[in-house]
Amino acid sequence: MGATIAGIEVLDAAAVRAALTHEAAIPVLRRAMVALSSGRVRQQLRSFIGLGPGRTFAIMPAALDETAVFGAKLVSVFADGKGGKSHEGLVVLFDGEGGAPVCLADAGEVTAIRTAAASAVATDALARADARRLAVLGTGRQAEAHIRAIAHVRVLEEVRVWGRDAVRAAAFAARMTDATGLPCRVAGDAETAVQHADVVCTVTTAADPVLEGAWIAPGTHVNLVGSSGPAQAEADGALVARSRYIVDHREHVLVHGGEFLRARAAGMADESHIAAEIGEVLAGAAPGRTSDAEVTLYKSLGHAVQDLACVAWLNGRPA
């Protein structure tokens with residue numbers, strides 16, 4: 001529920017979930033990414049503090065225009081012991097005019113919604129217009145969010161899912177079929193899942209590649225989402241090398257983009273291989289997909305501007 005304490009609006013997970021639908025979040029994220037790429041956002045590289053194996057505390061600050069809003073996401077990322085991770089924390093929003101804090105929002109819920117919405121924005125800009133078949137590698141919270149979000153930007157006819165735990169994957173597919181009305185089917189392996197897919201989303205906690213470039217058909221769009229640090233990579237260097245490689249933010253990908261860093265270390269790509277930021281594509285400053293046969297790839301790391309834009313919208317401010 002939402003509440004106001006000492007003039008600060010407080011939004012728990014239920015309040016965020018009730019108001020910030022994917023339909024609402026997608027245009028907010030589109031504007032935020034254009035602002036980031038056009039220099040209207042100031043943000044620093046995220047700061048990590050290790051708290052032991054599988055445990056991290058992250059601080060992500062940003063300011064949206066000089067007189068709009070500023071703030072930070074404070075989040076802990078803890079391994080759950082079952083191959084997944086939990087995100088817990090707060091997004092703190094400050095008023096850009098007076099400097100006072102105006103809103104606190106549940107970071108886990110904001111992150112879950114905005115991450116999938118950002119992938120939907122990229123998919124809308126980069127996937128073929130006739131894309132109908134979605135493959136999702138992963139069966140956690142982001143897998144569900146991505147199925148729901150991508151369905152807002154393409155008319156889906158089929159969803160294939162894959163996870164390391166076959167029983168869990170089957171249960172997830174059945175639940176998503178019931179929840180969305182889309183035919184969600186389980187694939188026996190990742191390669192089978194992505195065969196004939198028009199859009200692929202990787203939302204795993206894998207440290208090493210679960211997706212190979214050789215498996216991806218011409219014309220496919222891929223969203224790499226699950227890996228957010230330099231030591232993790234969900235896809236191999238061959239996929240990076242063969243794709244039109246679009247990123248959410250160059251500076252961050254050059255430091256934290258695990259797939260790109262491995263491809264660069266292997267001599268398969270250099271900085272010039274980053275074709276554009278998604279905000280540049282959305283603003284018309286750089287081309288997105290250049291042919292129906294091209295493989296496009298969107299690397300998502302996630303940024304404070306996304307969190308703050310969503311919370312500003314929840315707080316009734318322009319975003």
Side-chain angles (χ1 to χ4, degrees), residues 26 30 33 37 116 118-138 146-147 149-162 182-183 185 187 189-203 209-227 233-248 250 253 257-260 262-264 266-300:
I26 286 169
R30 186 178 290 113
M33 299 315 290
S37 293
S119 292
V121 168
T123 300
D124 195 29
L126 300 173
R128 299 192 324 271
D130 64 350
R132 297 289 184 268
R133 294 165 296 188
L134 172 66
V136 177
L137 306 187
H146 273 71
I147 292 172
I150 301 301
H152 279 281
V153 298
R154 289 295 184 273
V155 179
L156 299 178
E157 296 176 351
E158 179 187 30
V159 179
R160 288 189 183 183
V161 300
W162 171 82
L182 295 169
R185 300 181 175 89
D189 54 55
E191 181 177 3
T192 302
V194 303
Q195 283 180 348
H196 311 300
D198 302 312
V199 178
V200 176
C201 299
T202 62
V203 286
V210 295
L211 179 62
E212 296 184 13
W215 302 343
I216 297 298
T220 304
H221 171 66
V222 181
N223 297 306
L224 294 183
V225 182
S227 59
E234 291 184 293
D236 65 4
L239 179 58
V240 174
R242 70 173 293 204
S243 69
R244 181 164 175 80
Y245 190 69
I246 310 291
V247 301
D248 55 7
R250 278 187 183 83
V253 167
E259 295 89 1
F260 174 79
R262 292 192 189 192
R264 185 174 66 180
M268 303 174 75
D270 59 23
E271 292 185 20
S272 67
H273 188 63
I274 299 177
E277 293 182 353
I278 191 63
E280 294 171 327
V281 174
L282 296 169
R289 172 175 293 277
T290 61
S291 74
D292 283 346
E294 188 172 51
V295 172
T296 54
L297 190 159
Y298 171 63
K299 176 55 189 174
S300 170

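Just the heavy atoms: all of them, side chains too, but no hydrogens, waters or symmetry mates, feed the values below.
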**Message:** Between I147 and L134, does the side-chain contact (heavy atoms from CB on, under 4.5 Å) criterion hold? Intermediate values first, please.
**Reply:** CA-CA 8 Å; I147 292 172; L134 172 66; 4.2 Å; yes
**Prompt:** Can you list the steps and then say if V295 with L239 is a side-chain contact (heavy atoms from CB on, under 4.5 Å)?
**Reply:** CA-CA 9 Å; V295 172; L239 179 58; 4.2 Å; yes
**Message:** Does T123 form a side-chain hydrogen bond (donor to acceptor under 3.5 Å, both in side chains) with N223? I'd like the steps, not just the answer.
**Reply:** CA-CA 8 Å; T123 300; N223 297 306; 2.9 Å; yes
**Item:** Derivation and outcome, side-chain contact (heavy atoms from CB on, under 4.5 Å), residues E158 and H196
**Value:** CA-CA 11 Å; E158 179 187 30; H196 311 300; over 6 Å; no
**Prompt:** Stepwise, does the side-chain contact (heavy atoms from CB on, under 4.5 Å) test hold for R128 with H221?
**Reply:** CA-CA 8 Å; R128 299 192 324 271; H221 171 66; over 6 Å; no
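Residues R30 and D124 are paired through a salt bridge, judged by an N-O separation under 4.0 Å between the basic side chain and the carboxylate.
Although no hydrogens or angles enter the test, the distance criterion places a donor-acceptor pair under 3.5 Å between the side chain of R242 and the main chain of G213. Although no hydrogens or angles enter the test, the distance criterion places a donor-acceptor pair under 3.5 Å between the side chain of R289 and the main chain of G219. Using a distance-only test at 3.5 Å, with no hydrogens or angles considered, a donor-acceptor pair links the side chain of T220 to the main chain of A197. In this structure, the side chain of E234 does not engage the main chain of L211 through any donor-acceptor pair within 3.5 Å.
At least one side-chain heavy atom of V155 sits under 4.5 Å from a side-chain heavy atom of R132. Within the 4.5 Å cutoff, the side chain of S243 has no heavy atoms near those of the V222 side chain.
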